[in-house]
Q: 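Shown below is the structure under consideration.
Note that the coordinates shown come from a computational prediction; the quantities given were computed from them, not determined experimentally.
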Amino acid sequence: MKKIFVLVFLAWAFYGCKSDQAPTEAEQSQAPGVDPGIYKPAPAGPGSFRSPIPVPITSREAQVLTQQFWVFEYYIDPQTPTNNRPNRGRWYKINPDGTFESGHWDKKTAQGSWGLGRSEDQQFVTVHFDSSLDAEDSEYMIQGINDQDDAMSWVGTDYYSQGHIMVKVIKLLTMPTKKQFGVEE
């Protein structure tokens, strides 16, 4: 059953979302809000995060990301399958001022700064989260956004050794609850 789920998720992630083609150099220079370099946090101590930098909300990715709550509907870690279920219900509330809040179900767990960049091969826009909770520092390639702008597929990068993680995030107006997702209390 798990293998079928993974295959269905992968099919959705790669075919169900509108995929962006690799940008040309001209497109990269004309896409304000998406750093053609790679956004990375400044070195800092545990529990600290990079000072927020307001993100120009001109790229589609920035416009979509700064809408309401983005919730992990599916989290797939084939290397450590025991991480899959506990990560369902994680969320980000991403703000245009370069800050975010994050949490799990109806609890806030951290805050920090975020930014956009490009994957090393320049094919995908990446979103980087530098969190006050070091365990939540993450970077994902945005591999697809559906036509309604309410679901995305993200794949982790190797920056935080998360290149094997795949996530389907959905947009909600409020923090998620276990009841919404049919998770036992």
Q: Would a distance-only check, ignoring hydrogens and angles, find a side-chain to backbone donor-acceptor pair under 3.5 Å from H104 to R88?
A: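 At least one qualifying donor-acceptor pair exists.
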Q: Using 0.5 Å steps for rounding, measure from the CE atom of M175 to the CD atom of Q180.
A: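 The CE atom of M175 sits 11.5 Å away from the CD atom of Q180.
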Q: Any sub-3.5 Å donor-acceptor pair from R90's side-chain atoms to F72's backbone N or O?
A: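 A pair under 3.5 Å: no.
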Q: Compute the centroid of each ring, for Y159 and then for H128, and state whether the two points are separated by less than 6.0 Å.
A: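 For Y159 and H128, the ring centres are under 6.0 Å apart.
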Q: Of W154, W114, F124, Y75, which is the lone residue that meets ring pair (Phe, Tyr, Trp, His ring centres under 6.0 Å) with Y140?
A: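 Testing Y140 for a ring pair (Phe, Tyr, Trp, His ring centres under 6.0 Å) against W154, W114, F124, Y75 leaves exactly one candidate, W154.
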Q: Can you tell if the side chain of Q68 reaches within under 4.5 Å of the side chain of L172, non-hydrogen atoms only?
A: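 Contact flag for Q68/L172 side chains = no.
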Q: Distance alone, cut at 3.5 Å: any donor-acceptor contact between the side chains of D77 and Q79?
A: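 Checked: D77/Q79 side chains show no N/O donor-acceptor pair below 3.5 Å.
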Q: Can you tell if the side chain of Q111 reaches within under 4.5 Å of the side chain of L133, non-hydrogen atoms only?
A: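 When only atoms from C-beta onward are counted, L133 and Q111 do not touch, as no gap falls below 4.5 Å.
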Q: At their closest point, which heavy atom of G89 faces which heavy atom of V71, and how far apart are they?
A: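 That closest heavy-atom pairing would be CA-CG1, 4.1 Å.
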Q: Between the main-chain N or O of D150 and the side-chain N or O of N146, is there a donor-acceptor pair closer than 3.5 Å?
A: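 Yes; judged by distance alone, with no hydrogens or angles, the pair exists.
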Q: Indicate whether any N or O donor in one side chain lies under 3.5 Å from an N or O acceptor in the other, for E136 and T109.
A: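 Looking only at side-chain atoms, T109 and E136 do form a donor-acceptor pair, the distance falling under 3.5 Å.
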Q: State, without any angle test, whether Q67 and K171 hold a side-chain donor-acceptor pair at a distance under 3.5 Å.
A: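 The criterion, which ignores hydrogens and geometry beyond distance, is satisfied for K171 and Q67.
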Q: Does a donor on one side chain sit under 3.5 Å from an acceptor on the other, for Q143 and S153?
A: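 No donor-acceptor contact under 3.5 Å links the two side chains.
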Q: Which residues pass the ring pair (Phe, Tyr, Trp, His ring centres under 6.0 Å) test with F100, sequence neighbours left out?
A: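 Here the qualifying residues are Y92, F129.
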Q: If you take all heavy atoms of D137 and Q162, which pair is closest and at what distance?
A: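 Looks like O-NE2, 3.8 Å.
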Q: Charged N to carboxylate O below 4.0 Å: is that the case for E101 and K93?
A: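 No.
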Q: Evaluate the ring planes of F181 and W105, with Trp represented by its six-membered ring, and classify them as parallel (under 30°), tilted (30 to 60°) or perpendicular (over 60°).
A: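 Taking W105 first and then F181, their aromatic rings stand perpendicular (interplane angle over 60°).
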Q: Whether the side chain of S59 engages the backbone of A62 through a donor-acceptor N/O pair (distance < 3.5 Å, no angle test) should be reported.
A: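 Confirmed, S59 side chain pairs with A62 backbone.
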Q: Does D134 offer a backbone N or O that forms a donor-acceptor pair with the side chain of S131 under 3.5 Å?
A: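 Flag not set: sc S131 to bb D134 has no pair under 3.5 Å.
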Q: Mind checking ring pair (Phe, Tyr, Trp, His ring centres under 6.0 Å) for W70 and listing every partner two or more places apart, or none if nothing turns up?
A: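 None.
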Q: Taking the side chain as everything from C-beta on, heavy atoms only, tell me whether L65 gets closer than 4.5 Å to L116.
A: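 L65 reaches L116 side chain to side chain.
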Q: How many angstroms lie between CD1 in I76 and NZ in K168, if you round to the nearest 0.5 Å?
A: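 Between atom CD1 of I76 and atom NZ of K168 there are 10.5 Å.
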Q: Check whether any side-chain heavy atom of T157 sits under 4.5 Å from a side-chain heavy atom of M141, and report yes or no.
A: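 Side-chain contact under 4.5 Å: yes.
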Q: Give the C-alpha distance, both sets of side-chain angles, the deciding distance and a yes or no for side chain to side chain contact (heavy atoms under 4.5 Å, CB included) between S119 and T126.
A: CA-CA 6 Å; S119 58; T126 60; 4.1 Å; yes
Q: So does G98 get a backbone contact from the side chain of N95, meaning a donor-acceptor N/O pair under 3.5 Å?
A: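 No: the side chain of N95 does not pair with the backbone of G98.
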Q: Can R60 and D149 be counted as an ion pair, charged N to O under 4.0 angstrom?
A: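 D149 and R60: salt-bridged.
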Q: When rounded to the nearest 0.5 angstrom, what is the spacing between CG in D106 and OG1 in T177?
A: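 The CG atom of D106 sits 7.5 Å away from the OG1 atom of T177.
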Q: Give the intermediate values and the outcome of side chain to side chain contact (heavy atoms under 4.5 Å, CB included) for residues E139 and V127.
A: CA-CA 6 Å; E139 183 178 76; V127 59; over 6 Å; no
